[in-house]
Amino acid sequence: MADMRLVVVGAAGRMGRMLIKAIHETEGCVLSAAIERPGAATIGQDAGMLAGLPPCGVVVSDEALPAFVEAEGVLDFTTPDSTVAFAALAAQARIVHIVGTTGLEPQHLAKLEAASRHAAIVRSGNMSLGVNLLAALVRKVAATLDTNWDIEIVEMHHRMKVDAPSGTAVLLGEAAATGRAVDLAETRVAVRDGQTGARPPGAIGFAALRGGTVVGDHKVIFAGNGERLELAHVAEDRSLFTQGALKAALWGRGRKPGLYSMVDVLGLDSL
Ligand SMILES: NC(=O)C1=CN([C@@H]2O[C@H](COP(=O)(O)OP(=O)(O)OC[C@H]3O[C@@H](n4cnc5c(N)ncnc54)[C@H](OP(=O)(O)O)[C@@H]3O)[C@@H](O)[C@H]2O)C=CC1
Ligand SMILES: O=C(O)C1=N[C@H](C(=O)O)C[C@H](O)C1
C-alpha cells in the first residue's frame, strides 16, 4: 500500500514541528502539506527545515482545503475554533481528522460530532497509551469506592499552555464520573478561591499548575477517611503524543465516518 499522505495543521507549533519530524521517521506515512494561519511568519518556509530536518520540498502554506483534497489525513493540534473549521474542511474532503487540540467547549464538540457524519475523526485529550490506561484504572477505582472518597485531579504543564484544566485532566475526570455513574458537568469543581465553603459531597475537583517546561504531569487522588490512593502519569517527552497521533491516523485510514477516541485506536474498550 502507498504511504498515507498526511497534512499537519499548526505546523509551526510545538506539536506541529514534532509531528513533521515524526512523519519523516515513521514508515507508512508521508508529509503532503504543512498549514499555518494566514499571515504567519513561517508561510513559504520549508516544512522539513522548520522541524530541524533537511529540506523536504513541502512549503508551509495557508491554503487548507486544496491540501486536504490531495491528502488522506490531517493531524490537528491547534486551537478549538481552528479545529472546528478544519473539521468542516476534512469532512468536505472525506479525510481522517486526528484532533489533539484541547480546551474544546460543548459548542465545538457539537460541530465535531456533525463533521464526523462525513469523515472519521479521532479525538483525544491525550494520545499516549499510558494516560488512556490510567483512565481505565480511574474508572474502575471510582466505580469501586463510594463518595466518602473525594476525587481530586491535579495537573502541571509548561508556562505556555493556554487552557485549563488540561484536556487530559478532563479526560480523567470523565473516566471518574463514568465510574461513579454521574455527569462530570454537574460534579466538577475547577476553580476555588476565597470563602469556598466545605467541599460538596461527590464533587470531582481539579487543580492546574503552570510553570517551566513541564511536558505534562497528572495525578488522580482518591482521598478517603484516614487513607489516600494516588494514581499518576508523567509525560517525559512530546514524542509520546506524536506517536499516538500517527498510530491514530494509520488506524483511521479507510475507516467509516464516525467519532472515535484513542480507546478505539489502542483497543482498550474491553478494560
Ligand atoms: N491530545 C494530546 O495528546 C496533546 C494535545 N495538545 C494540545 O495541542 C494544542 C496545541 O499545542 P501546542 O503545539 O503546544 O501549541 P502551539 O501554540 O505551540 O501550536 C499551535 C499552532 O497552531 C497554529 N494555529 C492556530 N490557529 C491556526 C489556524 N487557524 N490555521 C493554522 N494554524 C493555526 C498556531 O499558530 P499561531 O502561533 O500563529 O497562533 C501554532 O503554530 C493545545 O490545545 C494542546 O493542549 C498538546 C500536546 C498533546
Ligand atoms: O498543552 C500541552 O502541552 C498538552 N496538552 C494536552 C492536555 O491538555 O492534556 C496533553 C498533554 O498533557 C500536553
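Starting from 1, each residue takes its place in the sequence as its number. Counting convention: from 1, in listed order, for ligands and their atoms alike. Remember, predicted model here, so these are calculated numbers, not experimental data.
For T79 and D81, the side-chain atoms include no donor-acceptor pair closer than 3.5 Å.
One hydrophobic cluster, built from ILVMFWY side chains closer than 4.5 Å, cannot hold both V99 and F86; they sit in different ones. Transitive grouping of hydrophobic side chains (ILVMFWY, heavy atoms separated by less than 4.5 Å) brings L6 and L19 into a common cluster. Hydrophobic clustering keeps L134 apart from V154 (ILVMFWY residues linked when any side-chain heavy atoms are closer than 4.5 Å, directly or through intermediates).
Taking atom 26 (N) of ligand 1 as the reference point, the nearest protein heavy-atom neighbour is S82 OG, 3.0 Å. For atom 6 (C) of ligand 2, the nearest non-hydrogen atom of the protein is G125 O, 3.7 Å. Atom 25 (C) of ligand 1 has as its closest protein heavy atom R37 NH2, 3.4 Å. Here the protein heavy atom with the shortest distance to atom 5 (N) of ligand 2 is K161 NZ, 3.2 Å. Protein heavy atom at the shortest distance from atom 3 (O) of ligand 1 is M127 N, 2.9 Å. Scanning the protein heavy atoms around atom 12 (O) of ligand 2, the nearest turns out to be H157 NE2, 2.6 Å. Annotation: atom 9 (O) of ligand 2 to nearest protein heavy atom, T168 OG1, 2.5 Å. Taking atom 7 (C) of ligand 2 as the reference point, the nearest protein heavy-atom neighbour is G167 N, 3.4 Å. Nearest protein heavy-atom contact of atom 10 (C) of ligand 1 is F77 O, 3.4 Å. Among all non-hydrogen protein atoms, the one lying nearest atom 9 (C) of ligand 1 is T78 O, 3.5 Å. Remark: minimum distance from atom 22 (O) of ligand 1 to any protein heavy atom is reached at G10 CA, 3.3 Å. Nearest non-hydrogen protein atom to atom 44 (C) of ligand 1 is T102 OG1, 3.6 Å.
For ligand 1 and K161, the ligand atoms under 4.0 Å from any heavy atom of the residue are 45 (O). Listed by number with element, the atoms of ligand 1 under 4.0 angstrom from any heavy atom of A12 are 41 (O). Atoms of ligand 1 found under 4.0 Å from any heavy atom of N126 (numbered from 1 in listed order, with element): 1 (N), 2 (C), 3 (O). Heavy-atom contacts of S166 reach the following atoms of ligand 2: 7 (C), 8 (O), 9 (O) (cutoff under 4.0 Å). Atoms of ligand 1 lying under 4.0 Å from at least one heavy atom of T101, given by number and element, are 43 (O).
Evaluation of the side-chain contact (heavy atoms from CB on, under 4.5 Å) rule for Q92 yields L65, L89 as partners, not counting sequence neighbours.
Between the side chain of N126 and the backbone N or O of G167, no donor-acceptor pair lies under 3.5 Å. When atom types are taken as modelled, the side chain of R139 and the backbone of L271 share a donor-acceptor pair closer than 3.5 angstrom. Side-chain N or O atoms of T101 include none that pairs as donor or acceptor with a backbone N or O of P80 at under 3.5 Å. When atom types are taken as modelled, the side chain of E36 and the backbone of A12 share a donor-acceptor pair closer than 3.5 angstrom. Put simply, the side chain of H108 gets close to the backbone of E105: a donor and an acceptor are under 3.5 Å apart. Here the side chain of T42 pairs no donor or acceptor atom with the backbone of Q45 at under 3.5 angstrom.
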Side-chain donor-acceptor pairs of residues 213-233 under 3.5 Å, sequence neighbours excluded:
unit_1	atom_1	unit_2	atom_2	d
H218	NE2	S166	OG	2.8
R228	NE	E230	OE2	3.2

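An N or O contact shorter than 3.5 Å is missing between F241 and ligand 2 by distance. Polar contact with ligand 1: present for R14 (N/O pair, distance under 3.5 Å). By the 3.5 Å distance cut-off applied to N or O atoms, F86 is not counted among the residues near ligand 1. For the pair R238 and ligand 2, the shortest N or O to N or O distance does not fall below 3.5 Å.
When non-hydrogen atoms are compared, ligand 1 lies under 4.0 Å from neither the backbone nor the side chain of M160. Contact annotation for F241 and ligand 1: only side-chain heavy atoms (C-beta onward) come within less than 4.0 Å of the ligand. Heavy atoms of S124 found under 4.0 angstrom from ligand 1 belong exclusively to the backbone.
Looking at G100, G167, A11, it is G100 that brings a heavy atom closest to atom 7 (C) of ligand 1. Atom 35 (O) of ligand 1 has its nearest heavy-atom neighbour, among E36, M18, M15, H157, in E36. Closest heavy-atom approach to atom 19 (O) of ligand 1 among the candidates G103, A245, A64, G13: G13.
Across V58 and A33, no two heavy atoms sit closer than the pair CG1-CA, 3.7 Å. Smallest separation of non-hydrogen atoms from A164 and R210: CB-NH2, 3.5 Å. Smallest separation of non-hydrogen atoms from E63 and P66: O-CD, 3.6 Å.
Ligand 2 has V215 within reach: a non-hydrogen atom of the residue lies less than 4.0 Å from it. Proximity of H158 to ligand 2 is established by a heavy-atom distance of less than 4.0 Å. Contact annotation: V9 has no heavy atom less than 4.0 Å from any atom of ligand 1. Assignment of H218 to the shell around ligand 2 is supported, since a heavy atom sits closer than 4.0 Å.
Salt-bridge annotation for E152 and R199: present, with a side-chain N of the basic residue lying under 4.0 Å from a carboxylate O of the acidic one.
Under the 30°/60° scheme for interplanar angles, the aromatic rings of Y260 and W251 are found to stand perpendicular.
Shown here is E236, whose CD atom has no more than 12 heavy atoms of other residues, nucleotides or ligands within 6.0 Å.
Atom 37 (O) of ligand 1 lies below 4.0 Å from none of the non-hydrogen atoms of the protein.
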